[in-house]
Structure formats: C-alpha cells, structure tokens
Amino acid sequence: MSKGTISAIVLILALLCDNLRLRMKTSNDASTDRNLSSEDGEIKLRYKTWEEAPASYEEFDHDNHPSVCRLPVVTVEEWEKGRMWEGETPVIVKNVTDGWKALEHWTKEELLRRYPDIVVGMGNSKDLGQTGPDQAGDALTRTTIHDYIHNWMHSSNKYIFDRNLRIPDGGFLEDCQPYPMPTRMFAEDPDALFGSGMPENLMWKDHLALTIGHDTQGLTFHRHNAAWNAVIFGAKRWILYDAERISNITRLKTMTRDVRNPIQLDTANWIRKLYNKDDRKYEIRNYGHDCVQRAGEMMYVPRGWAHMVLNIGDTVAVVSERGLDGVN
C-alpha cells in the first residue's frame with residue numbers, strides 16, 4: 001500500500017471521528033436543552049416560571065391601536081348583558097379570569113405539583129393549523145403535563161392543543177370557575193338546555209380544553225365553530241379575517257399563504273414574510289383584525305372566521321367551542 005493511500009485512509013478516519021464527536025455533542029446539547037439534572041438526579045426545569053422563558057414582545061407585540069385591532073374591548077358585564085356570543089363580530093372581554101384559582105394553581109411550579117399526570121394531546125403547531133385543531137387526529141400524541149413541560153416544551157415544536165380531550169372534572173376543571181358565558185349556562189343547568197330543543201351543535205357545553213405552548217408557537221389560519229379562548233399566562237397575537245370576505249376561496253388562499261410556494265409558513269414567518277406583501281395588510285386592516293390578547297382576557301371568535309394565533313412568551317390558556325362534546 002502506497003504512502004499516498006495510507007495518508008488518504010488516515011484523513012478519512014480523522015474526518016469520520018470528527019463527525020462522530022459532532023453528532024455526540026449535538027445529542028448531548030439537545031439532551032441538556034430538554035432539561036437540566038441536578039447532582040441528585042432530579043430534573044431541574046430550564047425555566048422555573050412561565051415568565052422566565054423567552055418572549056418576543058419586541059418583535060410581535062403592539063398596542064392594539066383602534067386602526068389595527070378594530071375590535072370592541074368590553075367588560076364581563078357588557079359581554080353578558082349584550083349576549084355578544086350571539087353576534088357575528090369577534091370580541092375581546094377583559095378580566096375574565098378574575099377569581100380563577102388557576103391564577104395560583106397553574107403557575108408552572110404548582111401545575112407540575114398538583115396535576116403532573118393529567119393526560120394531554122400534543123402536536124406540531126404547524127400541522128395543527130393545516131388540519132384544523134378539530135381534525136388533528138393522528139397528528140396528536142398523548143402525553144402528560146409533566147412529560148410535556150420537562151421533555152418537549154422548549155426542545156421541540158410540540159404544542160398542547162387538543163380540543164377533543166376534555167379537561168377532567170375535579171380540581172383542574174374547578175380552577176377555571178366561574179366559567180365565562182355562555183359556557184356557564186350549561187354548567188349551571190344542563191337539563192334546561194337539553195330540554196330547550198336546541199340542537200346540540202349550537203350548545204355551549206361545559207367542555208374546556210387546555211392549550212400550552214412556548215414563544216412564537218401558534219396555529220396557522222384555520223376555521224371552526226364559534227369559540228372563546230381565555231389566556232391565563234402569557235399573551236397571544238391574533239390575525240382574524242372576515243368570514244364573508246373569505247367565502248371567495250381564491251381570495252382566502254391568496255391571503256393565508258404564498259400561492260407561489262406550496263409550503264405553508266408557520267404563524268411567526270407568515271407575519272414576518274407575508275403580512276406586508278400583496279395587499280394582505282390592507283385586507284386585514286379593512287376586513288379583519290390584528291390584535292394582541294393579554295393575560296386575563298378572552299377572545300371570542302364567531303363561526304367561520306379564519307384566524308391564526310401566535311404565542312408571545314410561554315402561554316397557558318383554556319378554550320371552549322360551541323357544539324364540542326369532548327371525550328375524557
């Protein structure tokens with residue numbers, strides 16, 4: 001064997017060793033990124049609280065100027081007196097979570113202490129947006145709150161958003177009382193509602209679903225029945241587009257995605273790359289809404305409105321949808 005051949009073999013082996021070391025380092029870094037272990041082997045969270053985690057307020061937050069958000073912002077009393085859930089206009093309701101035990105019981109530390117074994121469904125937020133959260137099906141994986149927060153939340157694009165998986169009765173569900181109207185009507189007297197002759201697909205049942213995700217996660221444009229979303233920790237940016245305006249399917253496709261690129265962008269990149277192109281901003285500012293929902297507020301979305309949502313910081317929220325009858 002010539003010296004040149006031997007040198008080539010040595011070089012190849014050296015490159016293979018460097019590649020192996022790089023792979024091992026990447027694997028170790030990913031493991032460390034998921035969770036940090038203390039000397040006694042106990043798992044230590046990378047971020048002890050929701051608030052400590054990265055939050056892209058500088059990039060995605062805004063002040064809800066009336067020319068941008070264009071939505072009524074009302075009190076709980078105004079929401080209930082006006083029965084605004086019967087309307088066809090999105091609404092932001094203030095101070096919905098006042099008095100909720102979740103404000104204390106759902107801090108990250110307390111959520112893990114009280115409810116580590118609650119079963120949740122997690123999926124890739126982009127996939128959930130493309131299929132719609134109600135049709136996610138096999139895109140969701142069952143896990144527990146403990147497993148998600150420790151092993152997935154900040155090391156993947158997995159997002160807890162499973163409206164077909166009802167929050168279980170007991171302390172966890174009671175943490176969200178008093179329920180907002182109209183969900184509270186069913187909780188207080190379900191027999192009266194069933195006896196009213198109302199079709200079940202028009203009922204707001206006492207079905208709440210949990211959503212938890214990290215900064216910049218959120219569902220891309222999708223539509224469903226009327227629903228409300230109440231943020232307990234964090235914030236959400238909403239882009240909503242008029243249900244009547246999007247009855248034109250060509251306009252809907254042009255608005256919600258780059259027709260020149262078949263790959264649908266995630267929510268953050270839609271705002272970064274498409275919002276200011278091809279009249280989308282004009283359409284949203286004149287026929288839609290661009291709003292930031294703060295902790296304690298509830299967003300009501302009428303049936304058929306296309307909307308996309310972006311988490312700003314670690315965000316925890318609960319959702320109720322008209323007609324939804326979840327499974328335990």
Distance col, row Lys236:NZ vs Thr315:OG1, nearest 0.5 angstrom, shows 5.5 Å
Determine whether Glu52 and Arg46 satisfy the following criterion, salt bridge (charged side-chain N to carboxylate O under 4.0 Å, His left out), listing intermediate values before the conclusion. CA-CA 9 Å; Glu52 286 182 14; Arg46 186 177 182 188; over 6 Å; no
Would you say the ring centroid of [X] lies under 6.0 angstrom from that of [Y]?
{"X": "His154", "Y": "Tyr47", "answer": "yes"}
{"X": "Phe194", "Y": "Phe186", "answer": "yes"}
{"X": "Trp85", "Y": "Trp228", "answer": "no"}

Pair [X] + [Y], salt bridge at N-O below 4.0 Å:
{"X": "Glu104", "Y": "Lys101", "answer": "no"}
{"X": "Lys205", "Y": "Glu200", "answer": "yes"}
{"X": "Arg184", "Y": "Glu188", "answer": "yes"}
{"X": "Glu110", "Y": "Arg114", "answer": "yes"}
{"X": "Arg245", "Y": "Glu283", "answer": "yes"}
{"X": "Asp258", "Y": "Lys273", "answer": "no"}
{"X": "Glu51", "Y": "Lys108", "answer": "no"}
{"X": "Asp147", "Y": "Lys158", "answer": "no"}

Could you go step by step and tell me if Trp152 and Tyr159 meet the side-chain contact (heavy atoms from CB on, under 4.5 Å) rule? CA-CA 9 Å; Trp152 298 100; Tyr159 186 39; over 6 Å; no
With side chains defined as the heavy atoms from C-beta onward, is the minimum distance between [X] and [Y] less than 4.5 Å?
{"X": "Met185", "Y": "Met181", "answer": "yes"}
{"X": "Ile149", "Y": "Leu112", "answer": "yes"}
{"X": "Met299", "Y": "Trp238", "answer": "yes"}
{"X": "His62", "Y": "Asp290", "answer": "yes"}
{"X": "Val231", "Y": "Val316", "answer": "no"}
{"X": "Val91", "Y": "Trp79", "answer": "yes"}
{"X": "Ile92", "Y": "Gln293", "answer": "no"}
{"X": "Ile145", "Y": "Phe172", "answer": "yes"}

For [X] and [Y], work out which heavy atoms get closest and say how close.
{"X": "Ala317", "Y": "Asn229", "value": "CB-OD1, 3.5 Å"}
{"X": "Trp106", "Y": "Phe233", "value": "O-CE1, 3.1 Å"}
{"X": "Ile232", "Y": "Ala102", "value": "CD1-CB, 4.0 Å"}
{"X": "Leu140", "Y": "Gly123", "value": "CD2-N, 3.8 Å"}

Tell me whether Glu244 at atom CD has more than 12 heavy atoms from other residues, nucleotides or ligands lying less than 6.0 Å away. no
Are the side chain of [X] and the backbone N or O of [Y] linked by a donor-acceptor pair below 3.5 Å?
{"X": "Gln177", "Y": "Glu174", "value": "no"}
{"X": "Arg223", "Y": "Ala306", "value": "no"}
{"X": "Arg237", "Y": "Asp61", "value": "no"}
{"X": "Asn225", "Y": "Glu321", "value": "no"}
{"X": "Asn95", "Y": "Asp98", "value": "no"}
{"X": "Arg142", "Y": "Val120", "value": "no"}

Hey, any chance [X] and [Y] share a hydrophobic cluster, counting ILVMFWY side chains that come within less than 4.5 Å of each other, even indirectly?
{"X": "Val68", "Y": "Val292", "value": "no"}
{"X": "Val93", "Y": "Leu103", "value": "yes"}
{"X": "Leu208", "Y": "Met298", "value": "yes"}
{"X": "Tyr241", "Y": "Val309", "value": "no"}
{"X": "Leu71", "Y": "Val76", "value": "no"}

Would you please test Lys81 and Glu77 for salt bridge (charged side-chain N to carboxylate O under 4.0 Å, His left out) and show each step? CA-CA 6 Å; Lys81 183 178 180 180; Glu77 293 74 18; over 6 Å; no
Once you measure the plane-to-plane angle for His307 and His224, does it fall in the parallel (<30°), tilted (30-60°) or perpendicular (>60°) bin? perpendicular
Is it true that [Y] and [X] share a donor-acceptor pair across their side chains at a distance under 3.5 Å?
{"X": "Trp100", "Y": "Asp175", "value": "no"}
{"X": "Thr216", "Y": "Ser56", "value": "no"}
{"X": "Ser67", "Y": "His65", "value": "yes"}

Please test Thr49 against Asp314 for side-chain contact (heavy atoms from CB on, under 4.5 Å), starting from the C-alpha separation and ending with a verdict. CA-CA 9 Å; Thr49 68; Asp314 279 6; over 6 Å; no
side-chain contact (heavy atoms from CB on, under 4.5 Å) evaluation trace for Thr267 with Gln217: CA-CA 7 Å; Thr267 305; Gln217 281 187 310; over 6 Å; no
Set out, in order, the CA-CA distance, both residues' side-chain angles and the distance that settles side-chain contact (heavy atoms from CB on, under 4.5 Å) for Val119 and Thr143, then state yes or no. CA-CA 6 Å; Val119 176; Thr143 185; over 6 Å; no
Given Tyr148, which of Ile118, Thr141, Ile212 fulfils the side chain to side chain contact (heavy atoms under 4.5 Å, CB included) condition? Ile212
For Trp305 and His289, what are the C-alpha separation, side-chain angles and deciding distance, and is it a ring pair (Phe, Tyr, Trp, His ring centres under 6.0 Å)? CA-CA 11 Å; Trp305 275 71; His289 309 274; 5.5 Å; yes
Exactly one of Tyr282, Phe60, Trp270 should register a ring pair (Phe, Tyr, Trp, His ring centres under 6.0 Å) with Tyr275. Which one does? Trp270
Given Trp204 and Tyr179, is the ring pair (Phe, Tyr, Trp, His ring centres under 6.0 Å) satisfied, shown in steps? CA-CA 11 Å; Trp204 291 83; Tyr179 301 141; over 10 Å; no
